[in-house]
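Source: prediction; values computed, not measured. Letters A, B, ... are given to chains in the order of the sequence lines, protein chains preceding strands, and every chain is numbered from 1. As a basis for the values below, the full set of heavy atoms in this structure was taken, side chains included, without hydrogen atoms, waters or symmetry mates.
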Amino acid sequence: MNNEIQVFLNKLSEEFFLFAPQQDGAVINIKEVRDIGDVDWSGRMPTNTWKALFLPAREKMFDISDGRLVKSKTSQPKIAAIGVNVVDLKALTLLELVFSRDVYYQERRCNTLIIGYSSSWPNDYKKYKIFSHNFEEDILEHLIFDIFIAQFAVGRMKIYSGSEKGQHILEEGGIKDYEHIEFAGPISEKGPDKKMLLLKKKMESSQGKRIWHELNKICIACGKCSINCPTCFCFDLEDSVDPDNPERVRKWGSCFYNDFSLVAGGGKELDTVSKKIFFWYYHKFVRIPFEYMMPGCVGCGRCSKVCPVGIKIEEVLKKV
Amino acid sequence: MLNIYQTNKVRIISASQESVDTKLLRLEFIDSEIKKNFHFLPGQFVQIGLPGWGECPISICSSPNDSETFFELAIRDIGVLTNKLNSLSAGDCVDIRGPFGNGFDVDLFKGKPLLLVGGGCGFVPLRPLIIDYLAGRLESKTLQILYGCASEETMLFKKNHAAWNRRAELKVILEKPSTNWKGDRGLVTDLLGRIKISAQTVAVLVGPPVMYRFVIKELKHKKLSDENIILSLEKRMHCGIGVCQHCAIGPFYVCKDGPVFRWLDIKDYYSL
Ligand code: SF4
Ligand code: SF4
Ligand code: FES
């Protein structure tokens with residue numbers, strides 16, 4: 001990465017905790033940055049996701065004191081997410097919609113700076129082999145970010161701001177040569193993504209198809225795919241029974257877990273593996289597009305990589 | 001920004017044993033502003049909870065007309081939280097979020113014969129409709145009520161039955177009654193076969209999934225249209241606002257788009 005950016009990031013680290021993709025053995029992982037030189041700018045898809053920074057795996061919502069719920073006072077740390085690729089930006093854009101009325105998400109988001117990055121602008125979509133939606137030229141207008149660094153295939157680099165906050169921080173950091181892009185909402189002016197609509201249609205009429213019976217025999221319902229998916233946001237609300245530290249928390253859930261649909265009295269809607277995995281796909285390819293007009297799967301391929309029995313989402317989609 | 005997970009305190013005005021496993025809690029908000037502004041529709045539910053014990057969704061069983069004075073919840077003791085709630089008495093406080101959900105669209109009942117079919121504790125959300133009908137606030141042409149439950153001991157709202165039967169037609173059927181029981185014995189579907197139901201009827205069903213299977217079959221037999229068969233569904237819930245996914249069915253959320261659905265809209269997603 002060029003010197004100007006290195007200096008900028010160094011300055012940023014005085015105010016923010018920096019998180020970025022870094023080489024971790026054979027893989028790339030998103031973790032806290034100790035040395036700016038460690039940041040991976042190759043554009044390879046990180047193994048883990050950014051979502052824990054925006055939606056922690058476990059977060060305290062309330063302290064319980066004198067039988068009352070008191071909103072937890074913990075102040076949110078200032079975090080800069082650096083080098084978020086376009087696919088992951090798309091996932092964060094979805095989370096932003098889903099949690100638009102969520103005070104915990106919004107408070108955290110206020111203290112977070114998102115710096116997007118493309119290592120081969122605008123060819124990322126080819127590189128990542130996105131199968132769930134199409135690439136649009138105007139994609140940056142429909143993604144949320146504060147700053148975006150676009151490295152063109154032929155050496156040139158361009159910097160964009162995507163919010164007032166981003167603009168302000170660029171100026172303060174001494175970067176004057178940037179272009180501002182106004183966020184025009186998550187959906188393109190041309191309407192919802194065609195590929196997404198096609199997959200939605202296929203999925204809507206796929207109940208009872210053979211693929212779900214096949215998966216019933218293979219999938220072990222471990223939930224790894226959902227935990228590692230950047231758009232999976234199911235959660236449980238739970239009260240801690242610890243007498244020294246009574247609290248109400250929010251925890252990541254997974255539709256693959258047995259108690260996900262369990263009701264008092266013992267009934268369970270999702271009582272087979274086939275129903276669970278169908279529910280998971282239905283959320284991504286029907287429910288989210290129906291509700292938000294956005295793809296519920298950004299096509300990052302993480303679920304296929306972590307699946308212990310080798311289920312590949314692209315292959316499944318061909319059979320629905 | 002409003003915290004949608006923040007609860008409000010209500011005081012238990014009275015807690016009475018409604019059946020062997022169910023208590024009827026009459027509640028009022030402690031904050032007078034909240035109390036004054038608490039409005040709901042029949043069929044809507046609240047999340048009732050206790051800090052440290054969690055929350056669960058319960059349908060409101062009193063009339064919206066009384067909402068500025070009190071509202072009522074029938075709590076069946078089936079888990080740790082409901083057990084705790086049922087150990088409370090007048091003067092104690094609990095937490096409430098809501099109301100949530102769509103509630104019944106009572107305009108659909110206008111000028112039509114209305115049939116309510118309740119099974120077991122599922123009967124609870126039907127009570128506001130009955131109260132409103134008897135008070136002349138529901139413009140359905142007639143009201144028939146079929147109620148099936150296990151035994152006299154588990155029967156809900158016994159005290160109201162005589163009054164209901166005066167202006168509406170109430171039939172109760174018990175699966176395992178005591179020897180003293182003079183009424184019908186069997187399942188609620190048995191009653192359906194015996195009464196006259198016109199094809200114009202709007203039927204509202206609340207009960208366990210098995211009941212839906214048989215009742216819908218019978219109603220289709222009687223030529224009711226799918227848009228006039230209305231169900232209230234029960235699901236596991238956490239958020240109550242269509243985010244956590246626990247209550248999803250097809251493209252819908254029971255907490256937000258439901259709990260009341262026309263059969264027409266959900267039959268593709270609900271396996272009978
Ligand atoms: S990771 Fe694979 S085996 Fe585990 S729940 Fe997902 S699809 Fe099933
Ligand atoms: S490819 Fe898999 S992990 Fe990535 S967004 Fe789609 S479902 Fe989630
Ligand atoms: S209870 Fe969370 S989506 Fe319905």
Side-chain angles (χ1 to χ4, degrees), chain A residues 61-71 98-107 200 204-205 207-208 226 232-243 246-248 250-251 253-255 259-270 275 279-280 282-283 286-291, chain B residues 1-9 21 30 47 49-58 75-83 92-95 97 120-122 208-210 233-254 256-257 268-271:
Chain A
M61 306 178 93
F62 298 100
D63 285 304
I64 297 174
S65 99
D66 289 335
R68 285 180 176 274
L69 297 178
V70 183
K71 183 166 175 295
V98 174
F99 292 94
S100 61
R101 289 168 56 211
D102 191 287
V103 68
Y104 301 93
Y105 179 96
Q106 293 301 335
E107 280 177 4
K200 175 169 177 274
E204 275 168 338
S205 54
Q207 192 156 26
S226 66
C232 270
F233 55 77
C234 297
F235 59 81
D236 300 347
L237 302 181
E238 207 175 274
D239 285 11
S240 139
V241 285
D242 177 2
E247 56 188 9
R248 180 163 291 175
R250 168 157 64 191
K251 288 163 69 181
S254 166
C255 51
D259 58 359
F260 185 82
S261 62
L262 187 72
V263 291
K268 204 161 51 174
E269 171 93 6
L270 307 175
K275 281 188 200 166
F279 185 94
W280 193 67
Y282 207 90
H283 184 211
V286 181
R287 212 147 52 231
I288 291 176
F290 177 76
E291 230 183 318
Chain B
M1 185 181 217
L2 187 79
N3 187 353
I4 40 195
Y5 296 103
Q6 182 67 59
T7 58
N8 287 308
K9 286 278 175 211
D21 57 4
I30 292 177
Q47 289 276 33
L50 281 169
W53 299 80
E55 296 181 316
C56 69
I58 304 275
I75 314 279
R76 181 157 165 249
D77 178 3
I78 37 166
V80 184
L81 171 63
T82 46
N83 182 274
D92 290 338
C93 289
V94 296
D95 284 37
R97 281 198 294 139
C121 56
V210 282
L233 301 183
E234 197 183 290
K235 289 273 171 166
R236 184 190 184 100
M237 290 181 186
H238 284 250
C239 69
I241 49 164
V243 183
C244 75
Q245 302 299 312
H246 283 277
C247 72
I249 170 167
F252 306 122
Y253 299 105
V254 173
K256 190 176 106 191
D257 307 306
D268 291 343
Y269 314 110
Y270 191 91
S271 47

Checklist entry - Does atom CD of B:Glu234 have more than 12 heavy-atom neighbours, drawn from other residues, nucleotides or ligands, at distances under 6.0 Å? => result no
Next on the checklist: Tell me which of these, A:Val263, A:Asp259, A:Leu237, has more heavy-atom pairs under 4.5 Å with chain B than the rest.
Outcome noted: A:Leu237
Next on the checklist: Can you tell me which portion of A:Phe62 sits under 4.5 Å from chain B's heavy atoms? Options are side chain, backbone, both or neither.
Outcome noted: side chain
Next on the checklist: Donor-acceptor pair, distance only, cut-off 3.5 Å: does the side chain of B:Gln245 make one with the backbone of B:Val243?
Outcome noted: yes
Next on the checklist: Heavy-atom cut-off 4.5 Å, strictly under: side chain, backbone, both or neither for A:Asp102 against chain B?
Outcome noted: both
Checklist entry - So what's closer than 4.5 Å to chain B heavy atoms on A:Gln106: side chain, backbone, both or neither? => result side chain
Checklist entry - For the candidates A:Lys268, A:Arg287, A:His283, which exhibits the highest count of non-hydrogen atom pairs separated by less than 4.5 Å from chain B? => result A:Arg287
Checklist entry - Can you say whether A:Phe235 sits under 4.5 Å from chain B via the side chain, the backbone, both, or neither, judging by heavy atoms? => result both
Item to check | Per-residue contact mode, A:Arg68 against chain B (heavy atom under 4.5 angstrom) | outcome: both
Next on the checklist: Only pairs of heavy atoms separated by less than 4.5 Å count here; which of B:Ile78, B:Thr7, B:Asp268, B:Asn3 has the most with chain A?
Outcome noted: B:Asn3
Checklist entry - If only atom types and distance count, is the side chain of A:Ser226 paired as donor or acceptor with the main-chain N or O of A:Cys232 below 3.5 Å? => result no
Item to check | Pair A:Lys275 + A:Glu269, salt bridge at N-O below 4.0 Å | outcome: no
Next on the checklist: Between the side chains of B:Asp95 and B:Lys9, is the shortest nitrogen-to-carboxylate-oxygen separation below 4.0 Å, so that they form an ion pair?
Outcome noted: yes
Item to check | Atom group of A:Glu204 that falls short of 4.5 Å from chain B, counting heavy atoms | outcome: neither
Checklist entry - Can you find a heavy atom in the side chain of B:Glu55 that is under 4.5 Å from one in the side chain of B:Tyr5? => result no
Item to check | Contacting moiety of A:Ile64, where chain B heavy atoms sit under 4.5 Å | outcome: side chain
Item to check | Part of A:Arg248 within contact of chain B (heavy atom distance under 4.5 Å) | outcome: side chain
Checklist entry - Looking at A:Cys255, A:Gly253, A:Gly67, A:Pro289, which makes the most heavy-atom pairs under 4.5 Å with chain B? => result A:Gly67
Checklist outcome for this item: Honestly, the part of A:Glu238 sitting under 4.5 Å from a heavy atom of chain B is neither
Checklist entry - Tell me, do B:Cys247 and B:Phe252 make a side-chain contact under 4.5 Å, heavy atoms counted? => result no
Checklist entry - Taking the side chain from A:Asp239 and the backbone from B:Trp53, do they hold a donor-acceptor pair closer than 3.5 Å? => result yes
Item to check | Check ion pair B:Asp21-B:Arg76 (N to O, under 4.0 angstrom) | outcome: yes
Checklist entry - Given a strict heavy-atom distance threshold of 4.5 Å, which part of B:Leu50 is in contact with chain A: side chain, backbone, both, or neither? => result backbone
